[in-house]
Novice: 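To start, I am sharing the structure in question, which I have written as structure tokens.
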Amino acid sequence: MDSKNFLASDFLANQFQANRAHLGAVAYRMLGSRAEAEDAVQEAWLRVDRAGTDGVQNLSGWMTTILARICLDMLRARKTRREEPVSLVDAVAEAHADPFRERELADSVGTALLVVLQALEPAERIAFVLHDMFDLPFEQIAPIVGRSNDATRQLASRARKRVRGIPRDETVSAGRSVVEAFLAASRDGDFQGLLAVLDPQVVARCDAAAAALGAPRRIEGAMELAKMFQGRAQTARPILIDGRVGIAVAPMGRLLLALDVAIRDGRIAAMEVIGDPARLAGFTFTLLPEQGAGSPVP
């Protein structure tokens with residue numbers, strides 16, 4: 001390699017390294033997995049290095065475009081394989097790789113948001129993440145998803161409606177308060193706090209997939225359910241499930257279980273724990289509205 005090409009290659013490597021954190025953030029929001037995001041960023045570097053920078057005026061935008069196409073291919077491959085939500089074994093294995101970093105990433109994005117993004121179609125997810133989270137114009141996103149500017153705008157709009165959920169109302173607000181109190185007591189190991197938000201006659205049912213993870217198929221009574229949840233719910237977050245307040249259990253932001261709860265007189269009266277991938281795929285997950293804002297989450 002002559003000195004001119006060497007300097008160009010060295011410059012490109014330095015520029016890519018300077019953009020690595022940004023590219024990693026984009027990939028993580030698109031893919032919801034640190035390991036997959038790192039693979040996508042590495043593949044982006046290989047493509048950037050092969051392509052060179054001739055005619056490129058906006059290096060950061062160009063690198064983001066290359067990365068987005070890689071992520072779109074990965075998301076489409078998931079749909080082709082009809083990939084199931086991550087198993088408990090896979091979630092634990094990924095967490096052990098770097099548990100603090102993985103939790104930090106999930107928390108920085110929002111566990112519930114990652115769950116909602118997983119439910120979007122690949123092109124919708126790409127359009128929403130690039131435009132709403134990283135401010136890329138639709139003119140730049142359209143060639144990535146292979147749509148017109150107007151069609152790309154519609155993709156982002158549909159995704160935005162899924163993400164934002166429904167306007168705040170009294171039913172949602174009341175249900176949210178009960179669910180958040182339940183989760184807080186569960187995480188803190190507060191047995192009395194759990195009893196306070198559970199109907200004495202509460203019944204919880206678990207489908208076969210949830211039972212395969214170690215949950216009983218049926219739990220009756222507040223005492224038994226409180227024992228089951230005491231000290232747990234570390235990866236659970238409140239979420240809207242088909243417009244109702246429920247709970248998503250998502251280790252490292254990867255959906256594992258949905259808890260569909262029924263609330264009566266300010267207490268949880270029934271609960272269905274769902275782990276079956278086909279059923280999870282059939283739900284519409286949306287974010288809870290902002291507390292006290294009276295408007296959807298932006």
Novice: Tell me which one of Asn149, Leu155, Leu136, Thr65 satisfies side chain to side chain contact (heavy atoms under 4.5 Å, CB included) with Ile141.
Specialist: Leu136
Novice: If you compare all heavy atoms of Thr286 against all heavy atoms of Ile239, which two are closest, and at what distance to 0.1 Å?
Specialist: O-CG1, 3.2 Å
Novice: State, to 0.1 Å, how close Val178 and Gly266 come at their nearest heavy-atom pair, and which atoms those are.
Specialist: CG2-O, 3.5 Å
Novice: Do Leu198 and Phe229 come close enough that some side-chain heavy atom pair is under 4.5 Å?
Specialist: no
Novice: Evaluate the side chain to side chain contact (heavy atoms under 4.5 Å, CB included) criterion for residues Arg164 and Leu287: first the C-alpha distance (whole Å), next the side-chain angles of each, then the deciding distance (0.1 Å), finally the verdict.
Specialist: CA-CA 6 Å; Arg164 286 181 173 178; Leu287 295 182; over 6 Å; no
Novice: How close do Ala44 and Leu67 get, counting heavy atoms only, and between which atoms?
Specialist: CB-CD1, 4.1 Å
Novice: Should the pair His131 and Phe138 be assigned to parallel (<30°), tilted (30 to 60°) or perpendicular (>60°) ring geometry?
Specialist: parallel
Novice: To the nearest 0.5 Å, what is the distance between CZ on Arg267 and CG on Leu195?
Specialist: 8.5 Å
Novice: Backbone N or O of Pro289 within a donor-acceptor pair of the Arg176 side chain at under 3.5 Å?
Specialist: yes
Novice: So do Arg34 and Glu38 actually touch side chain to side chain, heavy atoms under 4.5 Å?
Specialist: yes
Novice: Mind checking the CZ-CG spacing from Arg237 to Leu113? Nearest 0.5 Å is all I need.
Specialist: 12.5 Å
Novice: Compare all side-chain heavy atoms of Val163 with those of Phe128 and state whether any distance is below 4.5 angstrom.
Specialist: yes
Novice: Keeping the roles fixed (side chain from Asp242, backbone from Thr284), state whether a donor-acceptor pair exists under 3.5 Å.
Specialist: yes
Novice: Which heavy-atom pair separates Gly246 from Val261 by the least distance, and what is that distance?
Specialist: CA-CG2, 4.4 Å
Novice: Above 12 or not: heavy atoms from other molecules or residues under 6.0 Å from CD of Gln201?
Specialist: no
Novice: Contact between Asp49 and Phe16 at the side-chain level, heavy atoms closer than 4.5 Å - yes or no?
Specialist: no
Novice: Are Met133 and Val115 connected into the same hydrophobic cluster when the rule is that any two of I, L, V, M, F, W, Y join if their side-chain heavy atoms are below 4.5 Å apart?
Specialist: yes
Novice: Taking the side chain as every heavy atom from C-beta outward, state whether Glu224 and Lys227 have any pair of such atoms under 4.5 Å apart.
Specialist: yes
Novice: Could you state the interatomic distance from CD1 (Ile126) to CD (Glu124), rounded to the nearest 0.5 Å?
Specialist: 11.5 Å
Novice: What I'd like to find out is whether the side chain of Trp45 reaches to under 4.5 Å of the side chain of Leu12, using heavy atoms alone.
Specialist: yes
Novice: State the CD-CZ distance between Gln230 and Arg187, to the nearest 0.5 angstrom.
Specialist: 15.0 Å
Novice: Are Val203 and Val179 joined in one hydrophobic group, where the rule is that I, L, V, M, F, W and Y side chains link up if heavy atoms are under 4.5 Å apart?
Specialist: no
Novice: If you define the side chain from C-beta out and look only at heavy atoms, does anything of Cys71 sit under 4.5 Å from Arg125?
Specialist: no
Novice: Verify, without hydrogens or angle tests, whether Ser186 (side chain) and Arg232 (backbone) share a donor-acceptor contact under 3.5 angstrom.
Specialist: yes
Novice: Take Leu288 and Val172 through the test side chain to side chain contact (heavy atoms under 4.5 Å, CB included) and record every step on the way to the result.
Specialist: CA-CA 8 Å; Leu288 283 158; Val172 169; 3.9 Å; yes
Novice: Flag yes if Leu46 and Ile70 sit in one hydrophobic cluster, no otherwise; membership is Ile, Leu, Val, Met, Phe, Trp, Tyr, and two members link when side-chain heavy atoms are under 4.5 Å apart.
Specialist: yes
Novice: Which residue, Val273, Asp207, Thr235, forms the side chain to side chain contact (heavy atoms under 4.5 Å, CB included) with Leu257?
Specialist: Val273
Novice: With the 4.5 Å side-chain cut-off for hydrophobic clustering, are Ile268 and Phe191 part of the same group?
Specialist: no
Novice: Would you call Arg162 and Glu121 a salt bridge, taking side-chain N to carboxylate O under 4.0 Å as the test?
Specialist: no
Novice: Got a second to check how far Ile66's CD1 is from Arg47's CZ, nearest 0.5 Å?
Specialist: 8.0 Å
Novice: Could you walk me through whether Leu31 and Arg78 pass the side chain to side chain contact (heavy atoms under 4.5 Å, CB included) test, one step at a time?
Specialist: CA-CA 10 Å; Leu31 300 171; Arg78 287 183 188 174; 3.9 Å; yes
Novice: From Thr64 OG1 over to Gln140 CD, what is the distance, rounded to the nearest 0.5 angstrom?
Specialist: 7.5 Å
Novice: Are any of the side-chain heavy atoms of Met30 and Leu130 separated by less than 4.5 Å?
Specialist: yes
Novice: Closest approach of Leu280 and Ala258, non-hydrogen atoms and distance?
Specialist: CD2-CB, 3.6 Å
Novice: Whether the side chain of Arg29 engages the backbone of Val129 through a donor-acceptor N/O pair (distance < 3.5 Å, no angle test) should be reported.
Specialist: no
Novice: Going through the checks in order, is the side chain to side chain contact (heavy atoms under 4.5 Å, CB included) test met by Leu194 and Gln192?
Specialist: CA-CA 5 Å; Leu194 284 167; Gln192 293 302 318; over 6 Å; no
Novice: With sequence neighbours left out, write down each residue that passes ring pair (Phe, Tyr, Trp, His ring centres under 6.0 Å) with Phe134, or none if nothing qualifies.
Specialist: His22
Novice: Determine the minimum heavy-atom distance between Asp132 and Ala156, stating which atoms define it.
Specialist: OD1-CB, 4.5 Å
Novice: Less than 3.5 Å apart, which donor and acceptor atoms pair up between the side chains of residues 208-220 and the rest of the protein, not counting sequence neighbours?
Specialist:
residue, atom, partner, partner atom, Å
Arg217, NE, Cys206, O, 2.8
Arg218, NE, Glu220, OE2, 2.5
Arg218, NH2, Glu220, OE2, 3.1

Novice: Determine whether Trp62 and Val26 fall in the same hydrophobic cluster, where Ile, Leu, Val, Met, Phe, Trp and Tyr are linked whenever their side-chain heavy atoms lie under 4.5 Å apart.
Specialist: yes
Novice: Check this for me, if you would: do Glu272 and Arg205 make a salt bridge, where the nitrogen-to-carboxylate-oxygen distance has to be below 4.0 angstrom?
Specialist: no
